[in-house]
Amino acid sequence: MDLKSNEPFWMIKNGIINSYPSLHENKECEILVIGGGITGSLIAHQCISDGKNTILIDKREIANGSSSATTSMLQYEIDVPLFKLSEMIGKAGAELCYKACSDAIDQLEKICIQIKSKAGFRKKQSLYFASFKKDISWLQKEYEARKEAGFGVKWLEEKEIETKFKIPTSHGGILSEQGASVDAFQLVHELLAFNVRKGLQVFDKTEMKSVKYHKGKNIVTLSSGATIIANKIVYCVGYESTSLIKEKFVDLLSTFAIVSEVDEKLTNAYKDVLLWNTDEPYLYMRTTDDHRMLIGGEDEEFYKPELRDSLITKKSKILTKKFERNFPSFEFREDFSWAGTFGSTKDGLPYIGEHQDFKNSYFVLGFGGNGITFSVTGMEMLSYWLQKKKHPLDKYFSFGR
């Protein structure tokens with residue numbers, strides 16, 4: 001599956017950071033991580049931290065799937081509002097999921113410090129504003145739910161938002177203290193380079209073709225004909241999991257993004273805040289560490305890469321117009337545009353855990369707008385499982401829930 005189109009900004013900005021060999025000889029390991037994006041790199045980091053002999057493979061070049069197309073907004077807010085999620089899975093479970101995402105942002109900051117990352121991790125506030133008057137009542141209900149759960153939130157009236165953020169189109173909103181952004185493409189390469197020095201083996205352009213289970217082991221045959229014998233497999237393959245798992249468990253969507261030319265006046269005004277609204281699909285914005293504004297949205301059902309790609313020009317114009325309507329004080333000059341594929345689940349939660357059709361294996365699939373923070377949570381969950389311990393989030397992220 002083609003998960004992105006054109007060349008996303010992050011790949012052009014960073015160029016070729018590291019290159020890895022393909023695998024043509026037989027190997028054995030304790031943990032085989034399949035997928036070399038942000039999820040796989042974080043999971044491999046956890047495995048190495050836990051002292052596991054680990055191999056990571058990817059059928060593409062490293063970070064060339066969804067991780068090169070992500071907008072990398074790090075939020076504790078899940079695509080399903082807290083008050084609605086509470087109705088779906090219970091108040092305690094919903095708050096646990098939200099708090100896990102909040103904790104994941106802090107954990108990712110610690111990881112970036114640990115590996116001396118230069119991927120531009122930056123803590124930010126997050127403003128979620130009402131696009132229409134009809135959204136005020138439920139957004140205030142969401143504010144109360146978050147406040148009761150102990151999150152650092154403040155309700156802002158429309159005049160406050162216009163004065164502080166120069167957004168005259170809002171009808172009020174929630175300002176959260178917890179949020180961040182990062183260059184996920186660069187971070188993937190940094191994580192892998194850090195862990196290669198500690199024993200991680202990484203192979204790109206190395207595709208899994210089949211898996212057989214024999215005496216508690218996984219025997220993985222690769223496209224090169226070589227095999228990897230692993231005690232456990234961790235599938236970090238994102239939306240391509242739909243080609244592995246029989247049942248339908250996620251809806252694939254096309255999403256579109258544009259990034260501006262360097263504009264310090266614009267980005268200095270918003271460098272410390274993530275911005276998103278109640279449109280359906282919602283519009284979301286953030287600054288980059290090289291003084292550009294990144295805008296994403298205009299999601300629609302995914303059919304095939306060719307159709308998605310043909311819409312980039314049209315969607316870019318719509319995103320630009322939406323920016324100009326909401327931020328009339330500034331001009332947006334588009335420099336790059338691209339499209340990617342992501343997934344939406346019925347409850348906004350990921351699928352992280354075991355699947356009955358895959359022995360000695362785990363899936364870490366961080367769907368929705370919280371893919372990166374869910375993946376950080378997946379690190380802790382995997383560590384629990386490898387110690388034969390249950391995790392409090394198991395039942396909320398499980399298949400068949």
Side-chain angles (χ1 to χ4, degrees), residues 71 73-95 97-99 101-102 105 124-181 253 255 269-270 272-287 293-300 318-330 332 344-349 368-370 373:
T71 54
M73 286 176 61
L74 307 177
Q75 299 169 288
Y76 73 89
E77 298 101 330
I78 295 167
D79 286 347
V80 174
L82 177 58
F83 79 92
K84 287 187 178 179
L85 189 60
S86 296
E87 295 169 359
M88 297 172 74
I89 67 171
K91 184 172 182 289
E95 290 183 357
C97 294
Y98 264 68
K99 287 177 180 177
C101 287
S102 179
I105 295 173
K124 300 182 178 184
Q125 294 180 316
S126 176
L127 176 65
Y128 187 25
F129 64 93
S131 302
F132 307 98
K133 286 185 178 180
K134 66 179 177 62
D135 296 331
I136 296 174
S137 60
W138 70 258
L139 197 58
Q140 287 180 328
K141 187 175 181 180
E142 175 66 5
Y143 163 72
E144 294 295 340
R146 293 191 200 175
K147 184 179 178 182
E148 185 179 342
F151 293 106
V153 291
K154 181 181 179 182
W155 179 262
L156 299 184
E157 299 294 343
E158 56 186 279
K159 284 298 181 183
E160 293 178 272
I161 294 175
E162 182 173 4
T163 301
K164 185 172 182 178
F165 297 103
K166 297 181 174 61
I167 306 174
T169 55
S170 87
H171 297 276
I174 304 170
L175 184 65
S176 296
E177 291 301 318
Q178 181 71 314
S181 63
L253 301 172
T255 190
Y270 300 106
D272 295 318
V273 63
L274 308 174
L275 301 157
W276 53 308
N277 65 10
T278 58
D279 281 357
E280 292 186 6
Y282 60 81
L283 184 74
Y284 50 95
M285 290 153 282
R286 54 158 288 207
T287 60
M293 177 65 84
L294 190 158
I295 306 174
E298 279 303 296
D299 308 339
E300 62 175 57
I318 294 173
L319 289 173
T320 299
K321 286 182 179 179
K322 285 188 174 182
F323 175 86
E324 291 171 346
R325 181 173 65 84
N326 286 285
F327 301 88
S329 300
F330 299 96
F332 186 93
S344 175
T345 62
K346 59 186 179 181
D347 50 17
L349 300 179
N370 297 71
T373 51

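The model shown is predicted, which means the values in this text are computed figures rather than measured ones.
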Kindly write out the residues that satisfy ring pair (Phe, Tyr, Trp, His ring centres under 6.0 Å) with [X], not counting sequence neighbours, or none if the list is empty.
X: Phe330; answer: Tyr270
X: Phe129; answer: none
X: Phe151; answer: Tyr76

Does the side chain of [X] reach to within under 4.5 Å of the side chain of [Y], using non-hydrogen atoms?
X: Pro81; Y: Trp138; answer: yes
X: Asn277; Y: Tyr284; answer: no
X: Leu275; Y: Val273; answer: yes
X: Asp272; Y: Gln125; answer: no
X: Leu349; Y: Cys97; answer: yes
X: Leu127; Y: Leu156; answer: yes

Calculate, to the nearest 0.5 Å, the distance between atoms [atom1] and [atom2] belonging to [X] and [Y] respectively.
X: Glu324; Y: Leu319; atom1: CD; atom2: CG; value: 11.0 Å
X: Gln75; Y: Arg286; atom1: CD; atom2: CZ; value: 11.0 Å
X: Asp347; Y: Lys84; atom1: CG; atom2: NZ; value: 13.5 Å
X: Glu298; Y: Leu283; atom1: CD; atom2: CG; value: 8.0 Å
X: Tyr128; Y: Glu77; atom1: OH; atom2: CD; value: 8.5 Å
X: Cys101; Y: Ile78; atom1: SG; atom2: CD1; value: 4.5 Å

- Lys91 and Glu148: CA distance, side-chain angles, deciding distance, salt bridge (Lys or Arg N to Asp or Glu O under 4.0 Å) verdict: CA-CA 11 Å; Lys91 184 172 182 289; Glu148 185 179 342; 3.6 Å; yes

- Item | Test side-chain contact (heavy atoms from CB on, under 4.5 Å) applied to Ser344 - qualifying residues, sequence neighbours left out | Leu253

- Across all chains, not counting sequence neighbours, the side-chain contact (heavy atoms from CB on, under 4.5 Å) partners of Asp299 are Thr255, Pro281, Phe342

- Modelled atom types, side-chain donor and acceptor of Thr287 and Lys124, under 3.5 Å: yes

- In sequence, state the C-alpha distance, the side-chain angles, and the governing distance for Leu274 and Met285, and then conclude on side-chain contact (heavy atoms from CB on, under 4.5 Å). CA-CA 6 Å; Leu274 308 174; Met285 290 153 282; over 6 Å; no

Taking only distance into account, with no hydrogens and no angle test, what donor-acceptor pairs under 3.5 Å do side-chain atoms of residues 158-170 form with protein atoms, sequence neighbours excluded?
residue, atom, partner, partner atom, Å
Glu160, OE1, Glu157, N, 2.9
Thr163, OG1, Lys159, O, 2.9
Thr169, OG1, Asn326, OD1, 2.5

Can you give me the closest heavy-atom contact between [X] and [Y], atom names plus distance?
X: Gly172; Y: Leu139; value: O-CD2, 4.1 Å
X: Ser131; Y: Thr278; value: N-OG1, 2.9 Å
X: Gly179; Y: Ile105; value: CA-CD1, 4.0 Å
X: Asp135; Y: Ala130; value: CB-CB, 4.0 Å
X: Ser126; Y: Gln178; value: CB-O, 4.2 Å
X: Trp155; Y: Tyr143; value: N-CE1, 3.4 Å

- Query: When you measure from the side chain of Asp79 to the backbone N and O of Gly348, does any donor-acceptor pair fall under 3.5 Å?
  - Reply: no

- Going through the checks in order, is the side-chain contact (heavy atoms from CB on, under 4.5 Å) test met by Arg146 and Glu142? CA-CA 6 Å; Arg146 293 191 200 175; Glu142 175 66 5; 2.9 Å; yes

- Task: Kindly determine whether Lys322 and Asp279 satisfy side-chain contact (heavy atoms from CB on, under 4.5 Å), including the steps that lead there.
- Result: CA-CA 11 Å; Lys322 285 188 174 182; Asp279 281 357; 4.1 Å; yes

